[in-house]
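Here it is: the structure, laid out below.
As the structure lists them, so they are numbered: ligands from 1, and atoms in each ligand from 1.
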Amino acid sequence: MSLEVLWFYIFICLLALIFLFTLIIYVICKNTNPYPKMYRYEEEKYYFDINTGEKKLFPSLEDNWSVNISVIVPAYNEEIRLPTMMDECLKYLEERRRIGISYEIIVVSDGSTDKTIDVAQSYAKKFNTVRVLALKKNRGKGGAVRLGMQSARGSVLLFADADGATTFNDIEKLDESLTNILGFNYITSAAKTSISHAVICGSRAHLEEEEKSKRSFFRLLLMHGFHFLVKLLCVKSVHDTQCGFKMLTRASARLIFTALHIERWAFDVEMLYIAEALKLPIAEVAVEWQEIDGSKIIPFWSWLQMGKDLALISFRYKIGAWKILKSKDD
Ligand SMILES: *[C@@H]1O[C@H](CO)[C@@H](O)[C@H](O)[C@H]1NC(C)=O
Ligand SMILES: *[C@@H]1O[C@H](CO)[C@@H](O)[C@H](O)[C@H]1NC(C)=O
């Protein structure tokens, strides 16, 4: 190869790099409304009370709390797995209701195209503690969780995956951790205030060794790459950011879910990024985890999207293109 040709190749590579760099900067800076768009279709503001046949307005997260625990269940095409989860969840919460701890469950159908809504409504018919929020279009799990949170009445808010992979009794471990952080039992105490802050994350980190044997090399690589990027760019204090079992006080939920931009898989990371930025107390608690048959494996392109989202979270907040609306002391 002559020197001229070599230089030519180097030149082309440089051009390509510059192009790529510009593209990345463009993606990071475009559409940069500092606060998230809180769009909500008119029909998504109501739930259908199947027992009275009435359409009723959901309350707002800004209202005062009126039940002790809200459980938010994001569900996208989960007609098969939802009943297992709901049965376990209801069994546990009904037991606690008998000792005075009130609850509600909000099933958020994320634009499901199967019978998820009907399945959820069949529970609402039996239990007046169950409400169904039917999103008109699929938004992604983060969008579903956010809208569920914004419609919830609980003093403490928990979101739990519809695939029932966590043993619901583990809520007690989260509750214990909450008590340790605040110094009193938040759920049962009258001492809770609108400034009691805590974010408790269920964690599968202790199961990782076991998991490793079951996954392909490629999946492991993706997983480790993801963990590495999360630690490097966004969240330092939580190892398993993606566990679908997290509990927040109402005050913390207000701060976090008015600031959340990302509606897809990486919303957990943004959620914790915001919590860290606001210096909210965060804890990670080991929970049981059973993969239920039909667990959705994250497709390859979703990993790419997550990678992109991680970069967005990190850079957009750093350059001030995204902002957190309120702080702990407001
Ligand atoms: C909410 O609770 C606070 C304090 O407990 C009280 O001062 C306020 O009036 C309540 N707001 C509403 C709308 O009930
Ligand atoms: C919340 O739980 C406490 C303790 O069990 C109970 O006394 C109180 O009535 C509950 N609050 C509501 C609104 O259900």
Side-chain angles (χ1 to χ4, degrees), residues 45-52 54-74 85-108 120-121 123-133 145-160 166-202 245-258 280-283 285 287 328:
K45 293 177 184 157
Y46 299 87
Y47 65 98
F48 179 67
D49 186 334
I50 196 159
N51 290 313
T52 62
E54 281 170 274
K55 216 169 86 169
K56 290 182 178 163
L57 195 64
F58 274 113
S60 151
L61 189 54
E62 298 302 324
D63 298 343
N64 284 345
W65 67 277
S66 58
V67 296
N68 279 305
I69 305 176
S70 288
V71 178
I72 286 110
V73 186
M85 191 273 170
M86 289 296 280
D87 290 341
E88 196 190 335
C89 183
L90 280 161
K91 181 163 161 272
Y92 176 82
L93 291 170
E94 277 294 305
E95 248 164 52
R96 296 195 83 188
R97 191 176 61 85
R98 279 182 217 112
I99 57 167
I101 298 174
S102 57
Y103 74 92
E104 68 170 346
I105 300 174
I106 301 177
V107 180
V108 188
Q121 284 294 15
Y123 283 93
K125 207 172 164 77
K126 279 181 270 174
F127 297 89
N128 62 8
T129 49
V130 177
R131 293 178 174 181
V132 183
L133 168 54
V145 169
R146 180 169 73 192
L147 262 79
M149 290 278 172
Q150 281 166 345
S151 313
R153 293 171 289 163
S155 69
V156 70
L157 305 115
L158 172 89
F159 72 84
T166 322
T167 314
F168 207 81
N169 295 1
D170 278 349
I171 191 176
E172 254 152 50
K173 293 187 199 155
L174 271 56
D175 187 17
E176 225 167 80
S177 170
L178 187 64
T179 304
N180 288 339
I181 286 180
L182 294 173
F184 58 89
N185 189 311
Y186 179 82
I187 295 180
T188 55
S189 165
K192 55 191 157 202
T193 66
S194 57
I195 53 162
S196 305
H197 281 288
V199 180
I200 319 285
C201 310
F245 201 64
K246 292 191 176 71
M247 189 160 143
L248 306 90
T249 63
R250 195 168 180 87
S252 296
R254 278 179 188 158
L255 292 184
I256 290 174
F257 289 97
T258 48
L280 307 181
I282 304 174
V285 179
V287 294
K328 208 158 67 165

Notebook entry, point to check: Among protein heavy atoms, which lies nearest atom 12 (C) of ligand 2, and at what distance?
Noted result: S102 OG, 3.3 Å
Note to self: I need the atoms of ligand 2 closer than 4.0 Å to a non-hydrogen atom of I101, numbered in the order shown.
What the structure shows: 5 (O)
Check: For N68 and ligand 2, does the shortest N/O to N/O distance drop below 3.5 Å?
Finding: yes
Check: Nearest protein heavy-atom contact for atom 4 (C) of ligand 2: which residue, which atom, what distance?
Finding: T188 O, 3.6 Å
Next item on the list: Give, for atom CG of D49 and atom NZ of K56, the distance between the pair rounded to the nearest 0.5 Å.
Entry: 3.5 Å
Checklist line | Residue among E104, E94, R97, M86 satisfying side-chain contact (heavy atoms from CB on, under 4.5 Å) with F127 | finding: E94
Note to self: With heavy-atom distances below 4.5 Å as the criterion, would you say the side chains of L90 and V130 are in contact?
What the structure shows: yes
Check: Can a protein heavy atom be found under 4.0 Å away from atom 14 (O) of ligand 2?
Finding: yes
Check: Is it the side chain (CB and beyond), the backbone, both or neither of S66 that lies under 4.0 Å from ligand 2, heavy atoms counted?
Finding: backbone
Margin query: Tell me the protein heavy atom at minimum distance from atom 9 (O) of ligand 2, and give that distance in Å.
Written below: G100 O, 4.3 Å
Margin query: Quick check on I99: does its CD1 atom have over 12 non-hydrogen neighbours (other residues, nucleotides or ligands) under 6.0 Å away?
Written below: yes
Check: Of all heavy-atom pairs between H197 and I181, which one has the smallest distance, and what is that distance?
Finding: O-CG2, 4.1 Å
Notebook entry, point to check: Would you call the rings of F168 and F245 parallel, tilted or perpendicular, where under 30° means parallel and over 60° means perpendicular?
Noted result: perpendicular
Next item on the list: Show which atoms of ligand 2 fall inside a sub-4.0 Å distance from at least one heavy-atom site of W65.
Entry: 11 (N), 13 (C)
